[in-house]
Amino acid sequence: MTATEPADFVSRVLGVVDSIPPGRVMTYGGVAAQLGSRAARAVGQVMARYGSEVAWWRVIRAGGHPPIGHEAQALPHYEAELTPLLRSAAGLPTATAASATTTTDAAYRVDYAAARWSPT
DNA sequence: TGGGTGACTAAGT
DNA sequence: CACTTAGCCACCC
């Protein structure tokens, strides 16, 4: 009921994410692009609310960094799916203290160049 | 109905 | 490559 149908964006985003095969990753912007929108942030919001039911770890940011606040949670998932990963600084974390401000601080990164997947 | 937030992106330094 | 600033879109209260 109501005018807004929950199957507008949420179901569509979840559908695309669920459509991503194991060992592959897609950026928020890529998922949003499949929906015909550029609301990469909205996709992240949907994931935060309903992502619990989908492979959110298969969805990463443009730079190849995993979702903020969930890097440690996604890491074991990537290893389980054999997703191509890259160690920060070629294996040795710079350990240059914490960035503090926004952005990530993950000690690893996803090889989006090799794991990026595009829908047929 | 309106305002604020955010699992983002791109460009510049 | 990493950090900073500005822009955009959809969802939540």
Nearest to the [X] side chain among [options], which nucleotide is it?
X	options	result
Arg61(A)	dG6(B), dC8(B), dA7(B)	dC8(B)
Ala39(A)	dT5(B), dA10(C), dC8(B)	dA10(C)
Ala48(A)	dC12(C), dA7(B), dA10(C)	dA7(B)
Ala42(A)	dC12(C), dA10(C), dA7(B)	dA10(C)
Ala40(A)	dC12(C), dT9(B), dA7(B)	dT9(B)
His70(A)	dA7(B), dC8(B), dC11(C)	dA7(B)
Gln45(A)	dA7(B), dT9(B), dC9(C)	dA7(B)

> Any donor and acceptor pair, going by atom type alone, linking the side chain of Tyr112(A) with main-chain N or O of Arg61(A) inside 3.5 Å?
Replying inline: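 Not at all, since once roles are kept as given, no pair shorter than 3.5 Å links the two residues.
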>> Using a 3.5 Å distance criterion without hydrogens, assess whether the side chain of Arg58(A) forms a donor-acceptor pair with backbone atoms of Ile20(A).
In response: yes
In whole angstroms, how far is the [atom2] atom of [N] from the [atom1] atom of [X]?
X	N	atom1	atom2	answer
Asp8(A)	dA10(C)	CG	C1'	11 Å
Leu14(A)	dA10(C)	CG	C1'	14 Å
His65(A)	dT9(B)	NE2	P	10 Å
Tyr108(A)	dA2(C)	OH	P	14 Å
Phe9(A)	dA10(C)	CZ	C1'	7 Å
Arg49(A)	dA7(B)	CZ	P	11 Å
Leu35(A)	dC8(C)	CG	C1'	15 Å

> On DNA chain C, nearest-nucleotide positions of Arg41(A) versus Ser37(A): which is more 5'?
Replying inline: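 By nearest-heavy-atom nucleotide position, the 5'-most residue is Arg41(A).
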> Can you tell me how far CZ of Arg24(A) sits from CZ of Arg116(A), rounded to the nearest 0.5 angstrom?
Replying inline: 10.5 Å
> Using a cut-off of 4.0 Å on non-hydrogen atoms, how would the nucleic acid contact of Gly29(A) be classed: base, sugar-phosphate, or nothing?
Replying inline: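 Here Gly29(A) touches the backbone only, sparing every base.
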> Heavy atoms under 4.0 Å, any strand shown: does Ala62(A) hit a base, just sugar-phosphate, or nothing?
Replying inline: sugar-phosphate
> For dA10(C), does OP1 or OP2 lie under 4.0 Å from any side-chain N or O of Tyr50(A)?
Replying inline: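 For Tyr50(A), the contact criterion (side-chain N or O under 4.0 Å from OP1 or OP2 of dA10(C)) is not met.
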> Which word best sums up how the rings of His77(A) and Trp56(A) line up, parallel for under 30°, tilted for 30 to 60°, or perpendicular for over 60°?
Replying inline: perpendicular
>> I want to check something: taking the side chain as every heavy atom from C-beta on, are Pro76(A) and Trp57(A) in contact at a cut-off of under 4.5 Å?
In response: no
